[in-house]
Amino acid sequence: MDVSFDERELGLPCLRIGLKLDQEGEDPEKALSFANRALNILDRDDKLSLPLAMTLQLLGSTCYSLKRFNDSLGYLNRANRVLDKLVKDGSCSDEDVRPILHAVQLELCNTKTAMGRREEALANLRKSLELKEMTLERDSKELGKANRDVAEAYVAILHFKEALPFCLKALDIHKAQLGQNSVEVAHDRRLLGVIYTGLEEHEKALEQNQLSQKVLKNWGLDTDLLRAEIDAANMQIALGRYDEAINTLKVVVQQTGRESEDRAMVFISMAKALCNQEKFTDAEKCLEIASGILGKKEKTSPVEVSEAYMEISMLYETMDKFEAAILLLKRTLAMLEKLPQEQHSVGSVSARVGWLLLLTGGVQHAIPFLEDAAERLKESFGSKHYAVGYVYNNLGAAYLELDRPQSAAQVFAYAKDIMDVSLGPHHTDTIEACQNLSKAYAAMGSYQLAINFQEKAIEAWEGHGPSAVDELKEAHRLLEQLKKKASGVSDGNMMKSLPLANSSEHVVVSAIERQRNATKMLNQ
């Protein structure tokens with residue numbers, strides 16, 4: 001063809017070859033070379049066309065395969081703009097553009113997810129679902145799978161309430177098309193169990209898990225069944241049924257290989273149940289067995305091992321083994337930092353390390369971990385996500401401990417703004433952030449501002465009624481101290497540093513634990 005045709009006539013053949021190579025997935029570099037050649041031919045004279053958009057989508061796809069995510073994003077965003085202009089100027093119909101636009105939206109979702117920008121990725125995934133709904137039958141199996149994909153994406157960013165309707169729709173479609181005993185229905189039910197766990201509706205979660213297990217057993221899907229049984233044990237633990245969970249796990253462990261990741265997960269769950277029974281010596285032995293298995297798999301399964309290490313560190317925290325928890329989390333960070341698609345996990349782990357250092361007196365060392373966590377979590381989940389607010393709250397505590405009240409006031413203000421949006425002004429953690437802001441202003445000598453925020457906290461506590469009597473009484477006491485200080489009356493107890501043991505500190509860990517649990521269950 002090179003000999004027989006003019007270079008300008010080879011644009012479409014190069015595009016077709018590139019698309020074929022990309023579909024096969026064996027040689028992305030070769031696919032990229034054809035895509036670049038097609039682009040050089042088709043992208044001339046500022047002339048927009050459908051083949052140009054397809055070429056840009058192909059370049060985005062091949063760059064994604066080569067882990068060149070910034071390049072991928074650039075090509076895909078341009079493809080999106082080209083398609084939009086083609087429709088607006090009447091060059092192409094919606095029907096012509098829709099299949100390519102769908103591919104672009106899915107690639108944007110994959111690329112942004114790989115870059116840790118999950119909130120943005122979810123918007124592209126929702127758009128791809130909308131495009132599918134325009135072209136597919138209402139009850140098509142493919143539409144069922146697309147709804148489940150959106151539910152999983154919401155679970156990954158801890159939006160369980162938003163995930164629920166998409167998962168239920170997927171379940172309805174798959175039941176109608178494939179029947180109650182299909183594998184797709186089993187997968188839907190397992191995801192539904194994850195969502196109900198996130199919503200703390202543990203009985204419903206266990207019910208869905210048991211229904212899923214029946215189907216998996218009928219189909220002989222032993223690996224999926226084993227993991228569902230581990231999930232069931234974790235749900236039993238959440239319900240306080242510790243002996244029942246231990247008995248479940250004793251049966252499951254007999255079905256695992258001696259060096260398998262599943263065996264490690266069984267021992268971690270066993271340790272969790274034993275911790276709840278305060279049998280810490282036995283729990284530690286279980287964690288040692290799990291860590292021994294996982295240590296041999298760090299290179300081959302870094303994401304799965306990292307998730308397991310995070311869970312083990314949580315259990316060490318429960319047993320007040322803070323040094324062991326910190327060491328394991330730092331080991332986890334070293335693994336995750338090499339994986340560009342796991343930057344959201346790096347942010348979560350950094351937040352945990354910072355919080356533990358803050359808790360154990362290593363305030364100066366905690367600050368860089370917390371600062372890094374705030375930035376990474378903002379990129380991954382958006383600037384108004386509640387996990388970012390909790391990190392800022394802890395960072396403010398660290399700044400105040402180091403006598404940096406201006407820095408503390410700034411990040412406490414960020415925390416309050418985020419929690420106002422994500423949790424509401426009357427949530428207990430939002431009120432704590434408001435009171436922390438008051439303390440920071442008091443430490444700066446800005447008593448009128450301190451009084452203003454303390455009064456807002458009192459107003460919010462009053463909305464809780466009898467359940468917050470003690471908190472309201474303490475809030476009034478702090479307000480009186482502020483007023484005395486503002487009027488020049490000395491009170492030696494006023495300027496105590498911010499106590500570390502407030503609710504926001506364990507909530508950031510709880511939020512991260514929910515994220516990690518949801519991600520772990522989805523990846524199993």
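In what follows, every heavy atom counts, from backbone to side chain, and hydrogens, waters and symmetry copies are set aside.
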Practice problem: Could you walk me through whether Tyr64 and Phe69 pass the ring pair (Phe, Tyr, Trp, His ring centres under 6.0 Å) test, one step at a time? | Solution: CA-CA 5 Å; Tyr64 172 81; Phe69 302 126; 5.8 Å; yes
Quiz item: Charged N to carboxylate O under 4.0 angstrom, Arg227 versus Asp231?
Solution: no
Self-check item: From Tyr242 atom OH to Cys275 atom SG, the distance as rounded to the nearest 0.5 Å
Solution: 10.5 Å
Quiz prompt | Heavy-atom neighbours of Glu337 CD exceed 12 at 6.0 Å | solution = yes
Self-check item: Interatomic spacing from NZ in Lys145 to NE2 in His187 - rounded to 0.5 Å
Solution: 9.5 Å
Quiz item: Rounded to the nearest 0.5 Å, how far apart are CG of Asp224 and NZ of Lys217?
Solution: 15.0 Å
Exercise. For residues Lys169 and Ile173, determine if any side-chain heavy atom of one lies less than 4.5 Å from a side-chain heavy atom of the other.
Key: yes
Quiz item: Okay, side chain of Asn77, backbone of Leu73: is any donor-acceptor separation there less than 3.5 Å?
Solution: yes
Quiz item: How far apart are the closest heavy atoms of Gly354 and Ala366, and which atoms are they?
Solution: O-CB, 3.3 Å
Quiz prompt | Straight-line distance of Gln343 CD to Glu375 CD, nearest 0.5 Å | solution = 13.0 Å
Practice problem: Could you tell me whether the side chains of Arg189 and Ser212 share a donor-acceptor contact shorter than 3.5 Å? | Solution: no
Quiz item: Got Leu164 and Leu192 here, is their nearest side-chain heavy-atom distance under 4.5 Å?
Solution: yes
Practice problem: Count the heavy atoms of every other residue, nucleotide or ligand shown that sit under 6.0 Å from CD of Glu323, and state whether that count exceeds 12. | Solution: no
Quiz item: Is the CD atom of Glu130 crowded by more than 12 outside heavy atoms at less than 6.0 Å?
Solution: yes
Quiz item: Between the side chains of Asn218 and Asn181, does any donor sit under 3.5 Å from an acceptor?
Solution: no
Quiz item: Going through the distances and angles, do Leu328 and Ile312 end up as a side chain to side chain contact (heavy atoms under 4.5 Å, CB included)?
Solution: CA-CA 8 Å; Leu328 194 56; Ile312 292 171; 3.5 Å; yes
Quiz item: What's the shortest heavy-atom distance between Asp188 and Leu171, and which atoms?
Solution: OD2-CA, 3.5 Å
Quiz prompt | Charged N-O contact under 4.0 Å between Glu317 and Arg352 | solution = yes
Practice problem: Please report the C-alpha distance between Leu32 and Cys63 in whole Å, then the side-chain angles of each, then the deciding distance to 0.1 Å, and finally whether the side chain to side chain contact (heavy atoms under 4.5 Å, CB included) criterion is met. | Solution: CA-CA 7 Å; Leu32 182 63; Cys63 285; 4.2 Å; yes
Quiz prompt | Option from Leu358, Leu357, Val391, Leu329 for which side-chain contact (heavy atoms from CB on, under 4.5 Å) with Phe369 holds | solution = Leu357
Quiz item: Does any N or O in the side chain of Thr430 come within less than 3.5 Å of the main-chain N or O of His426, such that one atom is a donor and the other an acceptor?
Solution: no
Quiz item: Does the side chain of Gln255 come under 3.5 Å of the side chain of Asp262 through a donor N or O and an acceptor N or O?
Solution: no
Exercise. Go through the side-chain N and O atoms of Glu298 and Tyr309 and say whether any donor and acceptor fall under 3.5 Å apart.
Key: yes
Exercise. Could you tell me which non-hydrogen atom of Cys109 sits nearest to which non-hydrogen atom of Ala121, and how far apart they are?
Key: O-CB, 3.4 Å
Practice problem: Check whether the side chains of Glu120 and Asn124 place a donor and an acceptor atom closer than 3.5 Å, and report yes or no. | Solution: no
Quiz item: Hey, does Ile326 have a side-chain heavy atom less than 4.5 Å from the side chain of Arg331?
Solution: no
Practice problem: Work out which heavy atom in Met335 is nearest to a heavy atom in Ser306; give both atom names and the distance. | Solution: CE-OG, 3.5 Å
Exercise. Please identify each residue that fulfils salt bridge (charged side-chain N to carboxylate O under 4.0 Å, His left out) with Arg241, with sequence neighbours left out.
Key: Glu203, Glu244
Exercise. Please state whether the rings of His159 and Tyr154 are parallel, tilted or perpendicular, taking 30° and 60° as the class boundaries.
Key: parallel
Quiz item: Is Ser313 reaching over with its side chain to a backbone N or O of Met310, donor-acceptor style, under 3.5 angstrom?
Solution: yes
Self-check item: Glu471 and Thr428: CA distance, side-chain angles, deciding distance, side chain to side chain contact (heavy atoms under 4.5 Å, CB included) verdict
Solution: CA-CA 10 Å; Glu471 289 86 350; Thr428 55; over 6 Å; no
Quiz prompt | salt_bridge(Arg148, Glu184) N-O dist < 4.0 Å | solution = yes
Self-check item: Over 12 foreign heavy atoms within 6.0 Å of NZ, Lys214
Solution: no
Quiz prompt | Sub-4.5 Å side-chain heavy-atom contact between Ser350 and Leu333 | solution = yes
Quiz item: Are the charged groups of Asp27 and Lys30 less than 4.0 angstrom apart, N to O?
Solution: no
Quiz prompt | Val266 backbone acceptor or donor facing Ser269 side chain under 3.5 Å | solution = no
Self-check item: Polar side chain donor-acceptor pair, Thr62 to Asp22, under 3.5 angstrom
Solution: no
Quiz item: Given Ile367 and Arg404, is the side chain to side chain contact (heavy atoms under 4.5 Å, CB included) satisfied, shown in steps?
Solution: CA-CA 12 Å; Ile367 286 175; Arg404 294 169 57 183; 4.0 Å; yes
Quiz item: Are Glu311 and Lys272 side-chain neighbours, meaning at least one heavy-atom pair lies under 4.5 Å?
Solution: yes
Quiz item: With a 4.5 Å heavy-atom cut-off, do Ile246 and Leu274 have their side chains touching?
Solution: yes
Quiz prompt | Any donor-acceptor pair under 3.5 Å from Ser438 side chain to Cys434 backbone | solution = no
Quiz item: Can you tell me how far the CG atom of Leu122 sits from the CD atom of Glu152, to the nearest 0.5 Å?
Solution: 12.0 Å
Quiz item: Are any side-chain N or O atoms of Ser291 and backbone N or O atoms of Glu288, one a donor and one an acceptor, separated by less than 3.5 Å?
Solution: no
Quiz item: Can you tell me if Thr248 and Gln236 form a side-chain donor-acceptor pair at under 3.5 Å?
Solution: yes
Practice problem: Examine distances only and state if a side-chain atom of Arg118 and a backbone atom of His344 form a donor-acceptor pair shorter than 3.5 Å. | Solution: no
Quiz item: Taking the six-membered ring for Trp, is the centroid-to-centroid distance between Phe412 and Tyr392 below 6.0 Å?
Solution: no
Quiz prompt | More than 12 heavy atoms of other groups within 6.0 Å of Glu474 CD | solution = yes
Quiz item: Are Arg376 and Glu379 within salt-bridge range, i.e. N to O under 4.0 Å?
Solution: no
Quiz item: Would you call Leu106 and Leu125 a side-chain contact if the rule is heavy atoms closer than 4.5 Å?
Solution: yes
Self-check item: Ala146 to Leu129 - nearest heavy-atom pair and separation
Solution: CB-CD1, 3.7 Å
Self-check item: Pairing of Glu261 and Lys297 as salt bridge, 4.0 angstrom limit
Solution: no
Exercise. Please tell me if the side chains of His427 and Met419 come closer than 4.5 Å, counting only heavy atoms from C-beta onward.
Key: no
Quiz prompt | Minimum heavy-atom distance Met270-Leu249, with the two atoms named | solution = N-CD1, 3.5 Å
Quiz prompt | Side-chain donor or acceptor of Ser301 paired with backbone N/O of Glu304 under 3.5 Å | solution = no
Quiz prompt | Ser260 OG to Ile293 CD1 distance, which is reported to the nearest 0.5 Å | solution = 6.5 Å
Quiz item: Hey, is the main chain of Asp243 close enough, under 3.5 Å, to the side chain of Asn247 for a donor-acceptor pair?
Solution: yes
